[in-house]
Number of protein chains: 2
Amino acid sequence: MAMKDKKPKRDLSVQIAEAIKDAIISGQLIVDERLPSEAELSLKFGVSRPTVREALKRLAAQNLIRTQRGATGGAFVNRIRFEEAYGQQITTSTLLLSMNEVDFETACEARFMLERACVTLSAQRRTDDQLATMRAEIHRQAQPGLSDEAFCASDVAFHRALVDGADNPVLSYQLAGAVEAIEPLMNMVTFTARNRARIVELHTQIANAIENHDSSAADQALADLAAYSVELAHDVREARQSRKKTTAPAAS
Amino acid sequence: MAMKDKKPKRDLSVQIAEAIKDAIISGQLIVDERLPSEAELSLKFGVSRPTVREALKRLAAQNLIRTQRGATGGAFVNRIRFEEAYGQQITTSTLLLSMNEVDFETACEARFMLERACVTLSAQRRTDDQLATMRAEIHRQAQPGLSDEAFCASDVAFHRALVDGADNPVLSYQLAGAVEAIEPLMNMVTFTARNRARIVELHTQIANAIENHDSSAADQALADLAAYSVELAHDVREARQSRKKTTAPAAS
DNA sequence: CATTTTTCATTTGTCAGACATTTAAAAGTC
DNA sequence: GACTTTTAAATGTCTGACAAATGAAAAATG
C-alpha cells in the first residue's frame, strides 16, 4: 500500500495558503487582482476567519499579497519587485551563513565567482555614473580615520556599483544576497592600514579596468581581490584559534 | 517638520514578527531555542493570542520558525537549510520572471553568466558521479521520442549536476533559482530535432571539457550554449509576433 | 447644478473566551 | 521493571464581537 508520507495532517492555514499561492503562480490570480474577502474565503474553504487570516499572513510574509483596509479594501496579489526581493534574499543568505551551515571560504568563493560573472558585462556596459560611484567609494576607503564598519559599508557600496554596472537586474538581485550577506562576516575582520591599502589598490585596478572596458583585466583584479580576502580571513581565523588556545589550553 | 514617512501605523502582528525576526538575526535567539508560548508572548507584547499567532505564521512562512504541538511543543527557531531555501529562491525567482518584470534575454543572460562562474570550479572539482549524471542526461536528451517537457527537465538536471560539480552549496543555492526559474520560459520553446541535436552537441562539449578538467573549453562551450539559447528564444518571439500579425494584420 | 460635508456600509485589524487535538511526562497498574 | 492510563501544556481552530480605516453614496450647502 502506498503511504502518503508527506501529508499526515497539514494545518488548515498551510493548506489554504498553498492553494492561493498555487493560484497566483499558475496565473489564475493575476497581479493587482483582489482576492475574495476573508469572510468569503472562510465560507469557500469551510474554515473560520482567523484560520483564513493566518493563511493570508503567511502569503503576506512572502510578499505574495498585500492587504488594505476599508470599504474597497481586501487582499491583492502583489507584483513582486526586485527591491522587496532583495530584502528576502539578503535575510535568507545572512541566516544561511550565520547559522554555521557555511564557512567563510565557501561563502567568499561563491560571492567572488558570482561577482566575476558580472564584471565582464560591467566592463562593457558601465555608465559614467556607476564608475564615478566606484571612484568615490575608493576615495572614501583611502581616508585614514575610517572605522571598520564604515570601511565595510563602503566596500559593499563599491561592489554594489560594480555589479549594477552589468545592467541586469537579475544579476543584481542575485548578487545583492551574496555581497551583503557576507558583510557581517567581513565586519569581524579588523583591517590594518596595510590591509586597506592593498584593498584600495585592488579596487583601483578594478575601476581602471572597468573604465577602459577591459574585461580580462577587471576579472584578474577581482580574482586577486578574492584571493586576498580569503587570505585575510584565514589570518583572522588563525589569530582567533591561537587566542582560543591561550584562554583554554591543553586542547592538544 | 520631519515626517515619519515609513510608519504611519504598522500592524501589530507585523511589529511583533519583526521584533522576533530581529532577535533571531541578531543571535539573541539561537537555533532550536524555544520561543515563549503564545500565551506568554501575548502578555509580553500586550496583544491577544490571535495577533501573536499571525505574527508567528509570518515567521513560519519564511522558515524562520517551526511549530510543534503538544506538551513540550511551541515555536522553535529553525535552522535554515539549503533545501528549504532553494524552494523560496525558486518561487521568488519564478514570480519575478513571470510577472513580466524581466524579459527572457535578461534572465537568460543572468543565468548563463552565473553558470559560467561555476564551470571553472566544476572543471576542477567535479566527481565521477556528477559527470556520469551529465552523460546520462545527455543520452536521454538524444532520444527521439522525448517530449518537450521531459527534454527541459533533463536539461535542468544536466545543469544542476554541472553546477553541483563546483562543490559549493552557496553557488548551488544561487543557481538553483536562476536555472529552475527559467524552465517555464524554456518550456514555451518547441524544440525541433535540429535544435535538440545542437544542444546535445554543446552539452557533450561541456561534459568533455569537464571530464578533461579543461576550464576554458567548458566556459567557451557554455558561452556558445548561452548564445544559442538566446537565438532560439529570439526565433520563438519572432514566430509569435508574425503569428500575431497574421491574426491582427495592418501592423505595417 | 456643482461642491462640500456627512453618513454609511464594507473590510481588515484586534480582542476575548472557549473547545479540540496533539504530545510528552507523570502517575498508576500488573 | 514494563506497560497502560491519566494529566497537563501547548498549538490549532471556532465563535462572536468590536475597533479602525476607507471609499462611495447620500445629504447638505452655496
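Note: hydrogens, waters and symmetry copies are ignored here, and every other heavy atom, side chains too, is used. In the text below, chain A, chain B and the rest are named by the order of the sequence lines, each starting its count at 1.
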Asker: Between A:Arg66 and A:Asp32 (salt bridge meaning N to carboxylate O under 4.0 Å), is one present in this structure?
Answerer: yes

Asker: Would you kindly compare A:Ser48 and B:Glu40 by the position of their nearest DNA chain D nucleotide and give the one closer to the 5′ end?
Answerer: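 Looking at DNA chain D, the more 5' nearest nucleotide goes with B:Glu40.
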
Asker: Using 4.0 Å as the upper bound for N to carboxylate O, is an ion pair formed by A:Arg126 and A:Asp128?
Answerer: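 Judged by the 4.0 Å cut-off on N to carboxylate O distance, A:Asp128 and A:Arg126 do form a salt bridge.
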
Asker: Check nucleotides 22-26 of chain D against the protein and report each pair of N or O atoms closer than 3.5 Å, with its distance, or say if there are none.
Answerer:
residue	atom	partner	partner atom	Å
D:dT22	O2	A:Ala71	N	2.9

Asker: Mapping A:Arg34 and B:Ser13 to their closest nucleotides on DNA chain C, which lands nearer the 5' end?
Answerer: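 Closest to the 5' end, via its nearest nucleotide, is A:Arg34.
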
Asker: Closest approach to the side chain of B:Glu54, judged atom by atom: which nucleotide of C:dT14, C:dT11, D:dC14 is it?
Answerer: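 Minimum distance to the B:Glu54 side chain belongs to C:dT14.
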
Asker: Regarding A:Glu137 and A:Arg140, does a basic nitrogen lie under 4.0 Å from an acidic carboxylate oxygen?
Answerer: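 Salt bridge present between A:Glu137 and A:Arg140.
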
Asker: If you check every side-chain atom of A:Lys57, which of D:dC14, C:dG13, C:dT14 has the closest atom?
Answerer: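 Between D:dC14, C:dG13, C:dT14, the one nearest the side chain of A:Lys57 would be C:dG13.
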
Asker: With a non-hydrogen cut-off below 4.0 angstrom, is A:Leu12 in contact with a base, only sugar-phosphate, or nothing?
Answerer: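 Answer is sugar-phosphate: A:Leu12 comes under 4.0 Å of backbone atoms only.
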
Asker: Should the side chain of B:Arg49 and the base of C:dT14 be counted as holding a donor-acceptor pair, with the cut-off at 3.5 Å?
Answerer: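 In this structure, the two groups form no donor-acceptor pair.
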
Asker: Is a salt bridge present between B:Glu40 and B:Lys44, judged by a nitrogen-to-oxygen distance below 4.0 Å?
Answerer: no

Asker: Check the distance between D:dC14's C1' and A:Arg53's CZ and give it to me in whole angstrom.
Answerer: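 From A:Arg53 CZ to D:dC14 C1': 15 Å.
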
Asker: Please determine if A:Glu54 and A:Lys57 form a salt bridge, counting it only when a charged side-chain N lies under 4.0 Å from a carboxylate O.
Answerer: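 Answer for the salt bridge query: no.
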
